[in-house]
> 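Below is the structure I would like to discuss, written out as structure tokens.
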Amino acid sequence: MDWYSIVKFLHVVSAILWVGGGFVLFLLGVLAERAGNIQDKLQAMRASGELGGRFFAPMSMLTLIFGLIMCGFWVGFSDLWIIIGLVGYATTFSIGMLVFKPTGERMGAMVAKEGVTPGVLAIGQRMMRWARFDYAVMLVIIADMVLKPTLHDIGILAGMVLVIASGAALALGGGRQLVPSAV
């Protein structure tokens with residue numbers, strides 16, 4: 001086995017843990033939202049907040065570091081699929097650090113101080129909207145890493161734009177509102 005294979009393996013494993021783990025929490029939130037279960041949704045949001053800095057951020061950083069090592073030593077940085085992957089990573093990392101982290105902290109402080117209020121639920125709803133867009137970006141990153149499109153792959157690139165636009169529409173369109181009657 002060569003070093004490239006080892007670094008690629010570590011890149012893929014850290015990406016699976018980052019994206020897969022986050023997707024499970026997102027799915028739990030969506031299922032709780034659809035069922036109208038406020039407590040389960042809050043539990044998924046709490047878990048996301050607790051795991052964000054301790055697990056998801058380190059896994060995303062490892063994914064980036066191993067990817068940069070592969071690009072620096074073997075692949076280069078000029079291919080379109082590398083650029084798309086880096087822009088996608090920057091987007092989802094920024095959402096995590098600028099939206100999920102402070103929003104989760106603010107929600108936690110509000111719940112500790114006031115309990116579950118309509119304001120907390122509204123903040124959670126906005127967080128779920130951002131998560132929809134975030135996972136659209138992650139889906140594009142995964143497709144990008146597997147398909148490695150060039151400028152000539154118009155269909156793949158158009159599909160990626162469609163996924164991002166759909167994620168943005170889902171984020172802007174919101175979702176079912178949870179009514180605090182079960183609190």
Side-chain angles (χ1 to χ4, degrees), residues 13-65 67 84-145 160-183:
V13 168
S14 57
I16 288 169
L17 293 172
W18 169 39
V19 176
F23 185 74
V24 168
L25 289 176
F26 170 70
L27 187 59
L28 289 173
V30 168
L31 293 174
E33 184 177 65
R34 288 189 177 161
N37 189 324
I38 294 169
Q39 293 304 319
D40 284 353
K41 185 172 180 184
L42 287 172
Q43 180 59 36
M45 286 185 224
R46 268 189 225 106
S48 295
E50 290 172 11
L51 292 172
R54 293 185 190 142
F55 182 75
F56 297 123
M59 286 301 110
S60 77
M61 290 303 297
L62 286 173
T63 301
L64 176 66
I65 289 166
I84 291 171
L86 289 170
V87 169
Y89 177 86
T91 301
T92 191
F93 187 81
S94 295
I95 291 169
M97 290 294 122
L98 301 175
V99 177
F100 294 149
K101 185 177 187 301
T103 302
E105 290 170 354
R106 187 168 71 239
M107 280 181 60
M110 287 174 71
V111 169
K113 183 178 179 182
E114 307 162 13
V116 178
T117 64
V120 168
L121 295 174
I123 291 171
Q125 200 67 35
R126 284 192 296 275
M127 203 163 150
M128 286 297 290
R129 288 185 193 132
W130 276 102
R132 288 178 179 100
F133 180 69
D134 190 50
Y135 273 92
V137 173
M138 286 191 183
L139 181 60
V140 166
I141 295 170
I142 292 166
D144 178 62
M145 293 292 116
M160 290 175 165
V161 169
L162 182 62
V163 168
I164 295 292
S166 297
L170 285 171
L172 294 174
R176 290 179 53 194
Q177 297 292 321
L178 289 177
V179 190
S181 60
V183 177

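The figures that follow rest on heavy atoms only: side chains count, while hydrogens, waters and symmetry mates do not.
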> Looking at every heavy atom in both Gly167 and Ala136, which two are closest together, and how far apart are they?
CA-CB, 3.6 Å

> Provide the closest heavy-atom pair for Ala15 versus Thr63 in the form atom of the first, atom of the second, distance.
N-OG1, 3.1 Å

> Does Asp40 use its side chain to pair, donor to acceptor, with the backbone of Ala32 at less than 3.5 Å?
no

> For a 4.5 angstrom cut-off between non-hydrogen side-chain atoms, does Leu64 reach Leu86?
yes

> Does some side-chain heavy atom of Thr92 sit less than 4.5 Å from a side-chain heavy atom of Tyr135?
no

> With a 4.5 Å limit on heavy-atom distance, are the side chains of Phe26 and Asp134 in contact?
no

> How long is the gap from CD1 on Ile95 to CE on Met138, to the nearest 0.5 Å?
8.0 Å

> Just say parallel, tilted or perpendicular for the rings of Phe133 and Trp130, cut-offs at 30° and 60°.
perpendicular

> Answer yes or no: is there a side-chain heavy-atom contact under 4.5 Å between Leu62 and Trp18?
no

> If every non-hydrogen atom of Pro102 is compared with every non-hydrogen atom of Met97, which pair is closest and at what distance?
CD-O, 3.2 Å

> Looking only at heavy atoms, which two atoms of Phe100 and Met127 are closest? And how far apart?
CE2-O, 3.6 Å

> Do Thr103 and Ile123 have side chains that approach each other closer than 4.5 Å (heavy atoms only, starting at C-beta)?
yes

> Measure across Gly88 and Val137 and return the closest heavy-atom pair with its distance rounded to 0.1 Å.
O-CG1, 3.5 Å

> Minimum heavy-atom separation for Ser60 to Phe93, with atom names?
OG-CD1, 3.6 Å

> Could you check whether any side-chain heavy atom of Ile84 comes within less than 4.5 Å of a side-chain heavy atom of Val87, counting everything from C-beta outward?
no

